Structure formats: structure tokens, C-alpha cells
Amino acid sequence: MTAKIAYDDIEVGTELPAQTFPVTRATLVQYAGASGDFNPIHWNEKFAVGVGLPDVIAHGMFTMAEAARVVTDWVGDPGAVVEYGVRFTKPVVVPNDDKGATIEIGAKVAAKLDDNTVRVDLTAMSAGQKVLGRAQAVVRLA
């Protein structure tokens, strides 16, 4: 696969399509099984509260991956992401109800770099709080 977006067609400030991702307790159990991360803060409310959290929280790497989907969906090729990093600023709290939580991701091209690459800055919010800081991806375009 190759990137479907042409470097010459992109301007600094170009916004990527925003996405919202639902997160339920079932989502966390599925992710735990796939990742092997069965830390009880991600599935046991009593344990999570006992260690000072407000409730069960989503895995940080799960949150990071959901944010990256905005970039990979936009560029059309996950292999086009040559660098990606975030800082975890707040947890995504996932209540045990029919709604769970949502993660809202926005992104825009912040800089055009060398070698047909761009830096994309991402914003990740849940329950009105920024959950990822300094979330940036470097993407090689066509």
C-alpha cells in the first residue's frame, strides 16, 4: 500500500476528518485479550477505585491507537506513518453503563517537512478533558 494523499495537495492547516470512538467495558476486555494487558484498573471497578482512580480506565495504548486511526484512515496506508508519539495526560474513564465513554479525535497538518512528509498534530478528548498531550504523527505522503 502507499499513501493516497499527495504531498503537493496538502497545506499547513489542512484538517483531517474528525472521528469519535466509543469505549465500553466490553471494548476494554477485548483489548485486554488482544494485548495481554489484564491490569485490573482496566476491568475491576473496586480495584481501580482502591488505587485512587475514579473508575475503570481505558488502556493508554488503546487510546493512543484510536487516535492514530484518524491519521491512518486519512492517509490510506498505516505504513505511511513513520513516527508517532503522545503524552498521556488524563485517563479515559469508562463507566459500567450502556453508554461507556467516547474518545473524540481531531487532527490537522501542522508542518510540511522534507521527503514528502508532514507533521500531523492530534487532539484527543474524553468527557471534556484532553486525554493525550503532544500527540503528533509524521506521515509520508505520495
Side-chain angles (χ1 to χ4, degrees), residues 1-45 47-49 51-142:
M1 294 179 71
T2 59
K4 297 178 182 177
I5 307 292
Y7 180 83
D8 292 335
D9 294 340
I10 297 302
E11 307 267 338
V12 170
T14 298
E15 291 192 23
L16 284 61
Q19 294 188 48
T20 299
F21 302 100
V23 186
T24 65
R25 295 281 177 96
T27 309
L28 299 182
V29 171
Q30 291 167 337
Y31 182 81
S35 68
D37 181 354
F38 293 100
N39 186 323
I41 64 173
H42 303 304
W43 57 270
N44 184 318
E45 184 174 338
F47 185 88
V49 170
V51 297
L53 294 168
D55 205 334
V56 165
I57 63 170
H59 303 74
M61 296 302 286
F62 171 81
T63 304
M64 185 178 178
E66 292 293 66
R69 286 177 57 188
V70 170
V71 177
T72 59
D73 287 354
W74 172 69
V75 75
D77 176 11
V81 178
V82 296
E83 189 177 315
Y84 180 52
V86 306
R87 290 181 59 210
F88 301 106
T89 57
K90 298 276 185 191
V92 175
V93 178
V94 183
N96 191 20
D97 60 18
D98 293 338
K99 296 179 185 178
T102 57
I103 305 170
E104 300 94 23
I105 310 295
K108 69 177 179 176
V109 175
K112 291 185 84 167
L113 309 171
D114 296 330
D115 198 24
N116 280 16
T117 60
V118 296
R119 190 187 84 224
V120 177
D121 290 352
L122 297 101
T123 303
M125 305 286 291
S126 183
Q129 294 189 331
K130 191 173 181 178
V131 296
L132 297 177
R134 196 164 163 76
Q136 298 179 333
V138 175
V139 182
R140 180 162 290 112
L141 302 179

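What's counted below: heavy atoms across the whole structure, side chains too, no hydrogens, waters or symmetry copies. Bear in mind the structure is a predicted one, so any value in this text is a computation, not a measurement.
When all heavy atoms of Gly100 and Val94 are compared, the pair lying nearest together is CA-CG1, 4.3 Å. Shown here for Pro22 and Thr20, the closest heavy-atom pair between the two residues is CD-O, 3.9 Å. Between Ala111 and Val12, the shortest heavy-atom contact is CA-CG2, 4.0 Å. Across all their heavy atoms, Gly106 and Ala18 have their closest contact at CA-CB, 4.4 Å. Considering every non-hydrogen atom in both Ala80 and Val75, the closest pair reads CB-CG2, 3.9 Å. Val81 and Tyr84 make their closest contact through CG1-CB, 4.1 Å (heavy atoms, listed as atom of the first residue, atom of the second, distance).
With sequence neighbours excluded, the residues forming a side chain to side chain donor-acceptor pair (under 3.5 Å) with Asp73 are Gln19, listed by chain and number. Residues passing the side chain to side chain donor-acceptor pair (under 3.5 Å) test with Thr117: none are found, sequence neighbours excluded. Scanning for side chain to side chain donor-acceptor pair (under 3.5 Å) contacts around Thr72 gives an empty result, with sequence neighbours left out. Taking the side chain to side chain donor-acceptor pair (under 3.5 Å) definition, one finds that Glu104 meets it with Thr102, sequence neighbours left out.
Ile103 contributes atom CD1, which lies 12.0 Å from atom CE of Met125 (distance to the nearest 0.5 angstrom). Note that OH of Tyr7 and CG of Asp114 are 7.0 Å apart. Values are rounded to the nearest 0.5 Å. A distance of 10.0 Å separates CG of Leu113 from CG of Leu141, quoted to the nearest 0.5 Å. Taken to the nearest 0.5 Å, the CH2 atom of Trp74 stands 12.0 Å off from the CD atom of Glu15. The structure places CD1 of Ile10 at 14.5 Å from NZ of Lys108, a figure rounded to the nearest 0.5 Å. Atom CG of Asp8 is separated from atom CG of Asn116 by 7.0 Å, given to the nearest 0.5 angstrom.
Between Val92 and Phe62 the shortest side-chain heavy-atom distance does not fall below 4.5 Å. A 4.5 Å side-chain heavy-atom check between His42 and Ile57 finds at least one atom pair inside the cut-off. The shortest side-chain heavy-atom distance between Ile105 and Leu122 falls under the 4.5 Å cut-off. Put simply, the side chain of Tyr31 does not reach to within 4.5 Å of the side chain of Val23, judged on heavy atoms. Using a 4.5 Å cut-off on side-chain heavy atoms (C-beta onward), Ile41 and Leu53 make contact.
Residue pairs meeting the side-chain hydrogen bond (donor to acceptor under 3.5 Å, both in side chains) criterion with at least one member in residues 53-65, sequence neighbours excluded, are Arg25-Asp55. Screening residues 124-142 for side-chain hydrogen bond (donor to acceptor under 3.5 Å, both in side chains) gives Asp115-Arg140, Asp121-Gln136 as the qualifying pairs, with residues at least two apart or on separate chains.
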For Thr24 and Asp98: C-alpha separation, side-chain torsions, deciding distance, then whether side chain to side chain contact (heavy atoms under 4.5 Å, CB included) applies. CA-CA 8 Å; Thr24 65; Asp98 293 338; over 6 Å; no
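Within 6.0 Å of atom NZ in Lys90, 12 or fewer heavy atoms from other residues, nucleotides or ligands are found, so the atom counts as exposed in its surroundings.
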